[in-house]
Chemist: 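Before anything else, here's the structure in question.
Quick note: residue numbers are just sequence positions, from 1. Values below: every heavy atom of this structure, side chains too, minus hydrogens, waters and symmetry copies. This one's a predicted model, so the numbers in the text were calculated from it and none came from an experiment.
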Amino acid sequence: PPPALLLVPDFPDGGEPGAERLRRQRVCLERLGRPAAPTDVRGTVQVLGGPGPKEVTVRYTFNEWLSFVDVPAAPLPPEPPAERYGFTLCVPPSLREGSALHFAIRYRSPQGEFWDNNGGRNYTLRCCGCPGGGPATAPP
């Protein structure tokens, strides 16, 4: 059978964000589920909360930003001093080996709008064949 497809991070795995980075940006990618499934990508985000309503979304694209989707992140139990949110990005079955998913995280609150876009490079996941085979995500 053709190899299974996986989405592999194309950025360094920094683990949990450092306190300084979170203080500076107010929003940080905390971690991605490992490995990212070919059908969805799950992760968590940390934000430095404040009073008032807040909104955390993940903006992602499969076509190099010709179009994009904003997905809301849902609140998780906090880990002081940060609030935590979880997200799931749905991956289309048409994704092929070699293609990429790019994403960035937006946090809106009465204090302003803040982004974690991997230092201006966005977060990128590459679609790669998984050695060992398995069901493909698309028909041959």
Chemist: Does any N or O in the side chain of N118 come within less than 3.5 Å of the main-chain N or O of R121, such that one atom is a donor and the other an acceptor?
Modeler: no
Chemist: Do the ring planes of F103 and F87 sit parallel (below 30°), tilted (30 to 60°) or perpendicular (above 60°)?
Modeler: tilted
Chemist: Any sub-3.5 Å donor-acceptor pair from Y60's side-chain atoms to C90's backbone N or O?
Modeler: yes
Chemist: Over all heavy atoms of both residues, which pair between F114 and Q25 is shortest? Give the atoms and the distance, please.
Modeler: CB-O, 3.4 Å
Chemist: For the atom pair CD (Q46) and OH (Y107), what is the distance rounded to the nearest 0.5 Å?
Modeler: 12.5 Å
Chemist: Find the distance between CG (L125) and CG (L32) and round it off to the nearest 0.5 Å.
Modeler: 6.0 Å
Chemist: Can you check side-chain contact (heavy atoms from CB on, under 4.5 Å) on V58 and D70, steps first, answer last?
Modeler: CA-CA 6 Å; V58 180; D70 284 338; over 6 Å; no
Chemist: Once you round to the nearest 0.5 Å, how far does CZ of R31 lie from CZ of R42?
Modeler: 15.5 Å
Chemist: Is there a side-chain contact (heavy atoms from CB on, under 4.5 Å) between W65 and N122 once you walk through the steps?
Modeler: CA-CA 11 Å; W65 301 108; N122 295 312; 3.5 Å; yes
Chemist: Can you check whether I105's main-chain N or O pairs, donor with acceptor, with D116's side chain at less than 3.5 Å?
Modeler: no
Chemist: Quick one: pull up CG in L89 and CG in D40 and give me the separation to the nearest 0.5 Å.
Modeler: 8.5 Å
Chemist: If every non-hydrogen atom of L48 is compared with every non-hydrogen atom of P81, which pair is closest and at what distance?
Modeler: CD2-O, 3.9 Å
Chemist: When hydrophobic residues are tied together by side-chain contacts of less than 4.5 Å, even through go-betweens, does F11 share a cluster with V91?
Modeler: yes
Chemist: Please give me the minimum heavy-atom distance between R126 and A100, naming the atom from each residue.
Modeler: NH1-CB, 3.2 Å
Chemist: Which distance, rounded to the nearest 0.5 Å, do you find between the OG of S109 and the CD of E55?
Modeler: 10.5 Å
Chemist: Looking at every non-hydrogen atom in both residues, tell me the closest pair between P110 and P53 and how far apart they are.
Modeler: CD-O, 3.0 Å
Chemist: With a 4.5 Å heavy-atom cut-off, do S99 and F62 have their side chains touching?
Modeler: no
Chemist: For the residue pair T88 and V71, what are the closest heavy atoms and their distance?
Modeler: O-CG1, 3.5 Å
Chemist: Distance from D10 atom CG to C127 atom SG, nearest 0.5 Å?
Modeler: 12.5 Å
Chemist: For a side-chain hydrogen bond (donor to acceptor under 3.5 Å, both in side chains) check, start with the C-alpha distance between H102 and T124, then their side-chain angles and the critical distance, and finish with the verdict.
Modeler: CA-CA 4 Å; H102 305 286; T124 299; 2.8 Å; yes
Chemist: Is it the case that the side chains of R106 and T57 hold a donor-acceptor pair, with the cut-off being a distance below 3.5 Å and no angle test?
Modeler: yes
Chemist: Is there a path of hydrophobic side-chain contacts, each under 4.5 Å between heavy atoms of I, L, V, M, F, W or Y residues, that connects V69 with L29?
Modeler: yes
Chemist: Closest approach of R21 and C28, non-hydrogen atoms and distance?
Modeler: CG-SG, 3.7 Å
Chemist: Counting N and O atoms only, with roles assigned by atom type, does the side chain of R59 sit under 3.5 Å from a partner on the main chain of A104, one being a donor and the other an acceptor?
Modeler: no
Chemist: Heavy-atom distance under 4.5 Å between the side chains of L76 and T44, does that happen here?
Modeler: yes
Chemist: Can you find a pair of side-chain heavy atoms, one from W115 and one from R26, that are under 4.5 Å apart?
Modeler: no
